[in-house]
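A quick write-up on the structure given underneath.
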Amino acid sequence: EAVEAGGLAPSSSSSSSCLSNEDTNDVIVATSNGYLTQFDKRSGKVLLQWRGHTSPINKVLKQNNQVIATSVDRSISLWNIRSSSPVASVTLSHRYTGLPR
């Protein structure tokens, strides 16, 4: 089961959301500037960082080696975190507020 936390503020210019699975050794952090960062929970080191969206990210969901992120720009993107490559992206005609729990 994924654990989600929001409202973290690492700096005055951006905020972030964090996603961690108890059964994995990584944490995915999504920021209001559109970046996704994968950290190793044990060492705290950055494993991967990429620009996921051009607008703030609303929600993040991780399944195996894929990350789904939604953004205020009305897009939903699917990423392969092994390569930080986009697998698919869809832009909706209406505002989408997030992923179901």
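Positions are given from 1 along the sequence.
No donor-acceptor pair under 3.5 Å is formed between the side chain of Asn64 and the backbone N or O of Gln66. Under a 3.5 Å cut-off, the side chain of Thr70 and the backbone N or O of Ile76 do not form any donor-acceptor pair. At least one donor-acceptor pair closer than 3.5 Å links the side chain of Ser71 to the backbone N or O of Pro56.
Following chains of ILVMFWY side-chain contacts shorter than 4.5 Å, one can reach Leu36 starting from Ile81, so the two form part of one hydrophobic cluster. Placement of Leu48 and Trp79 within a single hydrophobic cluster is found when ILVMFWY residues are connected by side-chain heavy-atom separations under 4.5 Å, directly or transitively.
Here CZ of Arg74 is found 13.0 Å from NE2 of His53. Values are rounded to the nearest 0.5 Å. Rounding to the nearest 0.5 Å places CG of Asp26 at 4.5 Å from CD of Gln38. To the nearest 0.5 Å, the span separating CG on Leu61 from CG on Leu78 amounts to 10.0 Å. Interatomic distance, Ile57 CD1 to Thr31 OG1, rounded to the nearest 0.5 Å: 6.0 Å. Summarising the geometry, atom NZ belonging to Lys45 is positioned 13.0 Å from atom CZ belonging to Phe39; distances are rounded to the nearest 0.5 Å. Rounding to the nearest 0.5 Å gives a distance of 7.5 Å between CH2 of Trp50 and OG1 of Thr37.
Counting only heavy atoms from C-beta outward, the side chains of Thr91 and Asp73 never approach each other to under 4.5 Å.
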